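Let me begin by presenting the structure, written as structure tokens, before commenting on it.
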Amino acid sequence: EERPFRRFKGYGEFSVESTEISNKIKLPNVQLIGAQNAGTTSIADWLFGANVCGPQIFDDEPSYRDKGAQFFDERDLRERGNEFYARRFRRCAADGDGNPRFVMDATPDTLLYPERIHEMYRQAPGDS
């Protein structure tokens with residue numbers, strides 16, 4: 001059964017077999033997309049400064065990935081799978097009262113790949 005794509009409607013979840021992270025990890029509930037040099041960095045900085053949670057940078061990666069994970073536009077990252085993408089947001093759990101947080105990926109080039117985003121969230125169980 002195919003579920004319709006719904007934007008900004010909670011988190012998608014993937015089950016992960018790993019002792020280093022929790023049983024379920026969250027996908028971003030905000031995808032900030034736009035053309036390069038169109039102000040996405042300023043908007044992202046403002047939102048991250050307002051406690052919107054962004055992607056985690058892994059040790060071997062460039063610092064610009066703290067804004068956007070580059071998952072949908074870089075083949076080598078996509079080939080690592082959905083769980084790899086979701087792990088970037090594992091630190092973005094609900095707040096202390098159990099309220100969900102805004103979790104954002106701000107990769108401008110995602111604009112060019114809407115079908116990849118759609119497929120990721122379509123595959124995610126839960127309310128995505």
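Just so you know, these numbers use all the heavy atoms, side chains as well, and skip hydrogens, waters and symmetry mates. If you're wondering where the values come from, they're calculated on a predicted model, not measured in any experiment.
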*Heavy atoms only: give me the nearest F48-P55 pair and the separation to one decimal.*
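Closest pair (atom of F48, atom of P55, distance): CZ-CD, 4.4 Å.
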
Task: Verdict with reasoning, R87 to N82, per side-chain contact (heavy atoms from CB on, under 4.5 Å) - done: CA-CA 9 Å; R87 270 190 218 101; N82 295 344; over 6 Å; no

Nearest 0.5 Å, please: how far is [atom2] in [Y] from [atom1] in [X]?
{"X": "L32", "Y": "T107", "atom1": "CG", "atom2": "OG1", "answer": "9.0 Å"}
{"X": "Q70", "Y": "R78", "atom1": "CD", "atom2": "CZ", "answer": "12.0 Å"}
{"X": "M120", "Y": "E115", "atom1": "CE", "atom2": "CD", "answer": "12.5 Å"}
{"X": "M104", "Y": "C53", "atom1": "CE", "atom2": "SG", "answer": "10.0 Å"}
{"X": "E83", "Y": "R80", "atom1": "CD", "atom2": "CZ", "answer": "13.5 Å"}

Non-hydrogen side-chain atoms of Q56 and R90 separated by less than 4.5 Å:
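Yes, close enough: below the 4.5 Å cut-off.
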
Answer yes or no: is there a side-chain heavy-atom contact under 4.5 Å between V52 and V30?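 Answer no - side chains too far apart.
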
Partner set under ring-ring contact (aromatic ring centres under 6.0 Å, His included) for Y113, not counting sequence neighbours: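 With neighbours one apart ignored, the set is empty.
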
Check this for me: does any side-chain nitrogen of one of E119 and R116 sit under 4.0 Å from a carboxylate oxygen of the other?
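No, this pair does not count.
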
*Does D105 use its side chain to pair, donor to acceptor, with the backbone of A69 at less than 3.5 Å?*
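Indeed, once roles are kept as given, a pair shorter than 3.5 Å links the two residues.
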
TODO: Would you please name every residue forming a salt bridge (Lys or Arg N to Asp or Glu O under 4.0 Å) with E79, sequence neighbours left out?
DONE: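 Counting only residues at least two positions away or on another chain, E79 forms a salt bridge (Lys or Arg N to Asp or Glu O under 4.0 Å) with R75.
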
What residues, two or more places apart in sequence or in another chain, satisfy side-chain contact (heavy atoms from CB on, under 4.5 Å) together with L111?
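L111 satisfies side-chain contact (heavy atoms from CB on, under 4.5 Å) with I33 once adjacent residues are dropped.
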
Kindly list each side-chain donor-acceptor pair under 3.5 angstrom involving residues 37-44, sequence neighbours excluded, with atom names and distances?
from	atom 1	to	atom 2	distance (Å)
T40	OG1	K67	NZ	3.3
T41	OG1	K67	NZ	2.8

_D109: which residues meet the side-chain hydrogen bond (donor to acceptor under 3.5 Å, both in side chains) condition with it, sequence neighbours left out?_
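side-chain hydrogen bond (donor to acceptor under 3.5 Å, both in side chains) list for D109, sorted by chain: Q36.
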
Exercise. If a pair satisfies ring pair (Phe, Tyr, Trp, His ring centres under 6.0 Å) and one of its residues is in residues 68-90, list it, with sequence neighbours excluded.
Key: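 Output for this query lists F58-F84, F71-Y85, F72-Y85, Y85-F89.
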
